[in-house]
Amino acid sequence: MKAIINTDASNTISKIDNRIYGSFIEQLGRAVYTGIYQPAHSEADEEGFRKDVIKAVKSLHVPLIRYPGGNFLSQYKWEDGIGPKDQRPTRLDIAWRELETNQFGLHEFMHWSKKVGAVPNMAVNLGTRGIQEAADLVEYCNFPSGTKLSDLRVKNGDPKPFAIKTWCLGNEMDGPWEIGTKTASEYAHLANETAKAMKQVDDSIELVACGSSSLDNPTFGTWEETVLDECYDNVDYLSLHRYYGYYGDDDPTELDNFLAKNEDLDQFISGVVAMCDAVQARKRSSKQINLSFDEWNVWYHSNDADTKIKPWQVGPHLLEDVYNFEDALLVGSLLMTLLKHADRVKIACLAQLVNVIAPIMTDTDGGVWLQSIYYPFMQMATYGHGVVLNSSVDVPTYNSRQFKNVPLMDSVTIYNKDANELIVFAENKSQRENADLSINPTGFDIDHIVEATQFYGYDVKADNRDGKMAIRPLTSVELTGENISAKLEPLSWNMIRMAVK
Ligand code: AHR
């Protein structure tokens with residue numbers, strides 16, 4: 001099959017907000033305990049953080065991390081996780097039915113995120129708590145000193161304010177599973193009043209209101225409109241969450257349909273953008289609400305195993321999906337879809353980061369291993385910076401059971417002005433045919449190929465527990481005059497970095 005990317009320097013979608021490569025640590029399963037925090041491990045540093053995990057997280061280049069949940073958030077008291085560790089209470093986490101020892105809390109998260117080079121995306125509990133506790137947390141974190149709560153932060157070891165900029169107003173408050181779930185109007189009112197109070201404490205913060213936790217929730221649409229109608233002036237982003245897998249009647253051999261699920265993500269984003277803009281128009285407002293896609297991933301492998309896990313353990317093996325090669329291809333395509341909406345998706349969080357539906361796994365008594373999904377995410381988070389170009393791509397399409405006119409090759413082209421590089425990420429979804437790729441970069445004078453790689457050659461159901469998966473050179477790439485060509489293998493993830501003269 002022939003695949004032609006026509007890209008023009010003057011036709012751009014948007015500058016990428018690097019926070020689109022964010023991720024998520026929830027106090028859930030082994031994300032924290034025996035994941036990022038394990039004081040008794042041979043790799044633990046002076047604060048109990050695993051250095052092998054810090055190294056793996058840094059190599060992923062995640063700039064922002066959402067914390068502390070997730071469903072956990074909606075029943076969490078942030079005060080339990082501060083102060084001397086021997087005085088912190090052990091509590092029931094009634095969201096996930098685990099024991100929470102609170103040995104890892106706010107200060108630990110702030111110190112750890114600094115060590116991995118990320119900023120926090122902090123969330124406040126609007127399930128069982130409300131305005132006062134949220135405003136108190138902003139005061140504790142961001143107020144310099146001289147008040148009860150800011151002085152308590154100083155006493156607890158951090159004299160400098162944390163200066164947390166981005167905050168989520170609750171988590172999945174439309175979800176019937178959530179502790180303290182709300183109707184749209186209940187949430188809208190609480191979120192708006194909480195937003196006002198939090199911004200009274202620190203008017204430099206940015207706030208994310210909960211949108212729908214899934215496109216499938218029956219309240220999708222009315223939820224967004226109700227929430228935005230009330231909160232519009234006091235919030236900056238609306239959230240979206242979406243997970244993919246073989247669900248319900250899906251046939252696990254229906255690969256063409258599975259690999260097309262990014263089309264669903266695309267429609268979801270376009271729909272929410274339309275709703276934000278409809279409210280903006282109705283309000284005759286000059287303010288634009290952008291999107292925070294603060295949970296996305298593949299999640300289905302661990303569902304059965306999770307039902308068998310005994311409740312009330314510390315750090316149980318919950319949500320430990322082992323990802324295979326087809327998941328990596330879908331994750332690559334989902335991230336490219338987010339980038340194609342970079343004009344409106346300013347924050348996104350791969351859910352999650354360590355052990356829990358995660359690209360990075362730990363062995364409690366051993367080391368770290370990387371999942372298949374680590375590779376496409378790592379390449380995009382490392383090199384996908386700059387401006388997304390609005391390329392026209394000429395490629396055959398296919399129809400699957402759920403999706404029509406799906407391009408057989410999915411791609412995104414980015415210009416990084418700082419590095420003076422043009423970068424193409426391209427995924428060949430064909431199960432049989434090579435993609436004979438031709439890139440016509442109008443307005444860019446290409447000097448040489450900096451790097452060309454492929455991720456390919458694995459059984460779609462193979463995982464990376466044996467550590468054999470690797471990014472390899474794409475040797476077929478050629479620069480001839482102004483044209484770049486390459487042969488992309490069937491079911492392959494590819495990256496071509498070109499130096500611009
Ligand atoms: O990421 C796992 C869970 O998925 C989160 O706790 C929740 O917000 C969502 O339903």
Side-chain angles (χ1 to χ4, degrees), residues 22-33 35-36 62 64-76 78 92-98 100 109 121-129 167-182 187 191 208-220 223 237-245 247 265 268 291-307 309 311 315-323 327 331 334 347-361 371 373 377:
S23 188
F24 178 27
I25 286 284
E26 177 166 5
Q27 302 245 160
L28 155 63
R30 297 193 310 117
V32 171
Y33 304 111
I36 65 179
V62 168
L64 164 137
I65 302 176
R66 185 165 175 253
Y67 174 83
N71 297 343
F72 172 83
L73 172 75
S74 294
Q75 50 84 65
Y76 180 52
W78 63 265
L92 298 184
D93 159 5
I94 59 169
W96 294 105
R97 308 193 77 223
E98 302 176 32
E100 175 54 65
F109 177 72
N121 180 11
M122 189 60 66
V124 298
N125 173 359
L126 293 187
T128 57
R129 308 189 96 192
W167 298 77
C168 302
L169 293 160
N171 176 69
E172 297 194 343
M173 298 305 323
D174 63 325
W177 56 85
E178 200 71 15
I179 305 287
T181 186
K182 311 249 176 311
Y187 172 71
V208 184
C210 289
S212 290
S213 52
S214 164
L215 184 54
D216 304 325
N217 274 13
T219 51
F220 173 66
W223 178 276
Y237 304 92
L238 188 66
S239 78
L240 304 82
H241 291 181
R242 190 79 166 140
Y243 292 97
Y244 294 96
Y247 297 137
L265 187 81
F268 187 17
L291 307 189
S292 172
F293 213 120
D294 48 37
E295 287 187 33
W296 68 272
N297 201 351
V298 171
W299 173 15
Y300 76 102
H301 298 280
S302 59
N303 291 355
D304 287 343
D306 284 352
T307 60
I309 289 190
H317 287 256
L318 274 170
L319 278 70
E320 296 202 8
D321 274 40
V322 174
Y323 291 112
D327 298 329
V331 161
L334 294 171
I347 303 172
C349 302
L350 175 72
Q352 300 190 7
L353 184 55
V354 178
N355 287 334
V356 171
I357 44 173
I360 297 167
M361 302 296 288
Q371 298 244 34
I373 62 168
F377 187 94

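We count residues from 1, following the sequence as given. We count ligands from 1, going down the list as the structure has it; atoms in each ligand are counted the same way.
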Next on the checklist: Using a 3.5 Å cut-off on N or O atoms only, is His241 in polar contact with ligand 1?
Outcome noted: no

Checklist entry - Hey, does Glu26 have a side-chain heavy atom less than 4.5 Å from the side chain of Asn71? => result yes

Checklist entry - Going by the angle between their ring planes, with limits at 30° and 60°, are Tyr187 and Trp223 parallel, tilted or perpendicular? => result parallel

Item to check | Matching residue for Trp96 among Leu28, Val356, Ile309 - test: side-chain contact (heavy atoms from CB on, under 4.5 Å) | outcome: Leu28

Item to check | Approximate separation, where rounding is to 0.5 Å, of Arg30 CZ and Asn355 CG | outcome: 4.0 Å

Checklist outcome for this item: of all protein heavy atoms, closest to atom 10 (O) of ligand 1 is Glu172 OE1, 2.6 Å

Item to check | Enumerated ligand 1 atoms positioned under 4.0 Å from heavy atoms of Asn171 | outcome: 7 (C), 8 (O)

Checklist entry - Hey, what do you get for CD (Glu172) to SG (Cys210), rounding to the nearest 0.5 Å? => result 8.0 Å

Checklist outcome for this item: min-distance protein heavy atom vs atom 7 (C) of ligand 1 -> Asn71 OD1, 3.2 Å

Checklist entry - Considering only protein heavy atoms, which is closest to atom 8 (O) of ligand 1, and at what distance to one decimal place? => result Glu295 OE2, 2.6 Å

Checklist entry - What distance do Asn171 atom CG and Arg66 atom CZ have between them, rounded to the nearest 0.5 Å? => result 4.5 Å

Checklist entry - Do any nitrogen or oxygen atoms of Trp299 lie less than 3.5 angstrom from nitrogen or oxygen atoms of ligand 1? => result no

Checklist outcome for this item: For atom 2 (C) of ligand 1, the closest protein heavy atom turns out to be Gln352 NE2, 3.5 Å

Item to check | Closest protein heavy atom to atom 6 (O) of ligand 1, given as residue, atom name and distance to 0.1 Å | outcome: Glu26 OE1, 2.6 Å

Checklist outcome for this item: Exactly one of Trp299, Phe293, Trp296 clears ring pair (Phe, Tyr, Trp, His ring centres under 6.0 Å) with Tyr243, and that residue is Trp299

Item to check | Any side-chain heavy-atom pair of Asn297 and Ile373 under 4.5 Å | outcome: yes

Next on the checklist: With a heavy-atom distance limit of 4.0 Å, tell me whether Trp96 approaches ligand 1 through its side chain, its backbone, both, or neither.
Outcome noted: side chain

Item to check | For Tyr243, the ligand 1 atoms whose distance to one of its heavy atoms is below 4.0 Å | outcome: 1 (O), 2 (C), 4 (O)

Next on the checklist: Test of understanding: given a 4.0 Å heavy-atom threshold, classify the contact between Ile357 and ligand 1 as side chain, backbone, both, or neither.
Outcome noted: side chain

